[in-house]
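The next block holds one structure in the form of C-alpha cells; read it before the comments.
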Amino acid sequence: MSLEREQTYHRNSIANAYYVISHGKWDHFTEGDFFNAFWAWHDLVSFIIALLVFTAFWSITTWILINQTVYIEAIGMCALLTEATLGVPQLLRNFQRKSTQGMSIPMVLAWLAGDLAKTGYFVATGSPLQFWICAILQISIDIFILGQVFVYRKNTAAGELPYTANNQTTSSSLEGATID
C-alpha cells in the first residue's frame with residue numbers, strides 16, 4: 001500500500017503546479033463539461049496553464065500568418081467585437097433575473113458616455129467602418145441595459161429574483177443541502 005495520497009487540484013496552487021507539470025496530469029482539463037464550466041476554475045494553476053496555452057497558440061498562429069491581410073483583419077474584428085459586447089453578460093443577467101437590482105446605474109451611464117465619446121472620435125477621425133459598427137453596437141447595448149432599468153424598476157425584492165449571483169437557484173430550493 002502506497003503512502004502517497006491522491007493529489008487534488010483545488011488545495012495548494014504551488015503543489016498543483018508541480019504535480020501537473022512533473023506528472024503530466026492534464027486530465028482535469030478534460031474532465032466534466034469543459035465549455036459550460038470554463039470560467040468555474042477550481043484553482044489558479046489551471047487558469048494560468050489554460051491562459052498560457054491560449055497565449056502560446058495565438059502567438060504562434062499570428063507569427064505564422066502575420067503577412068496575411070485577411071487574418072489580420074479577422075483578428076482585429078474579433079478584438080473589436082469582443083470589446084463591443086462587454087455589456088452583453090449584464091444584459092442577459094438582467095433579463096434572466098427580470099431585475100436590475102444591485103446594478104450601478106451611474107456605471108452604465110459612464111459606459112454610455114464613454115461609448116458616445118469614442119464613437120464621436122471615430123467619426124471625427126474617419127476611422128474604418130468596423131469601428132463605427134462596433135461603437136454603435138456598444139451604444140445599443142448600453143441603451144438596452146438602461147431600458148431594462150426602466151422596465152424592471154418595480155422588481156427590486158431579492159426574494160423575487162429567480163437567480164442568485166452565481167446563476168444557481170435561490171436558497172429556498174436548496175433547503176437541506178449540505179456544503180462541503
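Values below: every heavy atom of this structure, side chains too, minus hydrogens, waters and symmetry copies. Sequential numbering from 1 along the given sequence is applied to the chain's residues.
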Quick check on the hydrophobic clustering: are [X] and [Y] connected, directly or via other members, by side-chain heavy-atom contacts under 4.5 Å?
X: I133; Y: L116; result: no
X: F54; Y: L81; result: no
X: I143; Y: L86; result: no
X: L80; Y: I75; result: no

Just by distance, no angles: are the side chains of Y71 and T62 close enough, under 3.5 Å, to form a donor-acceptor pair?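 Checked: Y71/T62 side chains pair up, N/O donor to acceptor below 3.5 Å.
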Inter-residue atom distance L129.CG - I136.CD1, 0.5 Å rounding: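 These two atoms lie 8.5 Å from each other.
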Run the side-chain contact (heavy atoms from CB on, under 4.5 Å) test against [X] and tell me which residues pass, sequence neighbours left out.
X: T55; value: L51, S59
X: M107; value: S104, W111
X: I64; value: I60
X: L109; value: I105, L146

Test side-chain hydrogen bond (donor to acceptor under 3.5 Å, both in side chains) applied to [X] - qualifying residues, sequence neighbours left out:
X: S140; value: none
X: S127; value: T125
X: T82; value: none

Any side-chain heavy atom of [X] within less than 4.5 Å of one from [Y]?
X: S99; Y: Q148; result: no
X: I72; Y: N67; result: no
X: L112; Y: V108; result: no

Closer than 3.5 angstrom, by distance alone: can the side chain of R153 be matched with the main-chain N or O of F150 as a donor-acceptor pair?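 Checked: pair present.
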Where the side chain of Q90 meets the backbone of I145, is there a donor-acceptor pair that is under 3.5 Å apart?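 A pair under 3.5 Å: no.
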Applying ring-ring contact (aromatic ring centres under 6.0 Å, His included) as the test, list every pair that has at least one member in residues 112-149; sequence neighbours left out.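 Passing the test, one end in residues 112-149: F122-F131.
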Looking at every heavy atom in both [X] and [Y], which two are closest together, and how far apart are they?
X: C134; Y: M77; value: SG-CE, 4.1 Å
X: A135; Y: T119; value: CB-OG1, 3.0 Å
X: A84; Y: L137; value: CB-CD2, 4.0 Å
X: Q101; Y: R97; value: O-NH2, 2.7 Å

Got a sec, which pairs hit salt bridge (Lys or Arg N to Asp or Glu O under 4.0 Å) with one end in residues 54-76, sequence neighbours left out?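 Residue pairs with at least one partner in residues 54-76: there are none.
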Pairs meeting criterion salt bridge (Lys or Arg N to Asp or Glu O under 4.0 Å) with involvement of residues 113-134, two or more places apart: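 Pairs touching residues 113-134 that pass the test: E83-K118, D115-K118.
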